[in-house]
Student: 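Quick one: the structure is below, questions incoming.
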Amino acid sequence: MNAPPQILRFEGAVKCLPGPCPAGITLVGEILAPFADPVAGPGVLAPAQLSLICRETVTLPATLHKVSVEMLTSADIVLRAGGREWHIACQTWQLHRDVGAMFYTAIPPRPTPWARRLTWRVLLGVAATSPGRWLLLRRRRLN
């Protein structure tokens with residue numbers, strides 16, 4: 001039994017850039033995030049980049065809208081956008097997604113040390129007054 005083809009859908013405008021090899025093409029846009037963002041909720045758009053290392057040079061418009069990429073096999077890809085269809089023979093492809101929201105949900109940033117917080121509070125408090133600004137400017141001119 002054959003496995004169903006994988007389909008990747010870009011939302012909105014997608015830029016088509018040359019590279020990463022002479023016959024390659026890179027699609028840069030936004031896809032629906034495959035994870036639920038705890039802040040924004042499910043169905044959030046995440047930046048993504050799909051690099052296709054092609055066997056032959058492919059000519060695509062500079063910008064496409066609502067692109068779907070169907071991976072029939074690892075070497076055969078069908079790209080659809082705006083009623084047009086391109087069959088692309090690839091040696092390989094790479095998908096890069098922004099998983100920052102998922103990462104920082106799993107590993108929260110460490111709290112700022114109290115000494116650093118105190119230093120900044122004092123410095124900002126001094127800079128908020130006229131004499132404090134004069135003192136900081138004078139100190140800066142001496143250095």
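Note that the coordinates shown come from a computational prediction; the quantities given were computed from them, not determined experimentally. Sequential numbering from 1 along the given sequence is applied to the chain's residues.
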Student: Between Val78 and Leu72, does a side-chain contact (heavy atoms from CB on, under 4.5 Å) hold up when you go through it step by step?
Tutor: CA-CA 7 Å; Val78 178; Leu72 301 175; 3.5 Å; yes
Student: Grouping I, L, V, M, F, W and Y whenever their side-chain heavy atoms are under 4.5 Å apart, do Val69 and Ile53 come out in a common cluster?
Tutor: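 They do not share one cluster, since no chain of ILVMFWY contacts under 4.5 Å joins Val69 to Ile53.
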Student: Do Leu79 and Val67 have side chains that get closer than 4.5 Å, going by heavy atoms?
Tutor: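 In contact.
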Student: Are the side chains of Cys16 and Ile25 in contact, using a 4.5 Å heavy-atom criterion?
Tutor: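 They are in contact (side-chain heavy atoms under 4.5 Å apart), so the answer is yes.
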Student: Which atom pair, heavy atoms only, marks the closest approach of Leu64 to Trp86?
Tutor: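 In this case the closest contact between Leu64 and Trp86 is CD2-CH2, 3.9 Å.
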Student: Nearest 0.5 angstrom please: Thr26 OG1 to Gln49 CD, how far?
Tutor: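 Output value for this atom pair is 5.5 Å.
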Student: Looking at every heavy atom in both Ser68 and Arg9, which two are closest together, and how far apart are they?
Tutor: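 Taking Ser68 first and Arg9 second, the nearest heavy atoms are CB-CG, 4.1 Å.
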Student: May I ask whether Phe10 and Met71 are part of the same hydrophobic cluster, defined by side-chain heavy atoms of I, L, V, M, F, W, Y residues being less than 4.5 angstrom apart, directly or through others?
Tutor: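 Same hydrophobic cluster.
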Student: Taking side chain as C-beta onward, heavy atoms only, is Leu135 less than 4.5 Å from Leu137?
Tutor: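 SC-SC contact between Leu135 and Leu137 ruled out.
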Student: Any heavy-atom pair between the side chains of Ile31 and Arg97 that's under 4.5 Å?
Tutor: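 In contact.
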Student: Which atom pair, heavy atoms only, marks the closest approach of Pro20 to Leu52?
Tutor: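 Closest approach of Pro20 to Leu52: CD-O, 4.3 Å.
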Student: Same cluster or not: are Leu95 and Val58 linked, directly or through other Ile, Leu, Val, Met, Phe, Trp or Tyr residues, by side-chain heavy atoms under 4.5 angstrom apart?
Tutor: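 Yes, Leu95 and Val58 fall within the same hydrophobic cluster.
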Student: State the CD1-CD distance between Ile7 and Glu70, to the nearest 0.5 angstrom.
Tutor: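 Answer rounded to 0.5 Å: 4.5 Å.
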Student: Looking only at atom types and distance, does a side-chain atom of Arg80 sit under 3.5 Å from a main-chain N or O of Glu85, one as donor and one as acceptor?
Tutor: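 No; judged by distance alone, with no hydrogens or angles, the pair does not exist.
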Student: Can you name the closest pair of heavy atoms from Ala23 and Thr57 and give their distance?
Tutor: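 Taking Ala23 first and Thr57 second, the nearest heavy atoms are CB-N, 4.0 Å.
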Student: Measuring from atom CD of Gln91 to atom CD of Glu56, what distance do you get when rounded to the nearest 0.5 angstrom?
Tutor: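 If I round to the nearest 0.5 Å, the distance is 10.5 Å.
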Student: Would you please test Val14 and Thr63 for side-chain contact (heavy atoms from CB on, under 4.5 Å) and show each step?
Tutor: CA-CA 6 Å; Val14 177; Thr63 304; over 6 Å; no
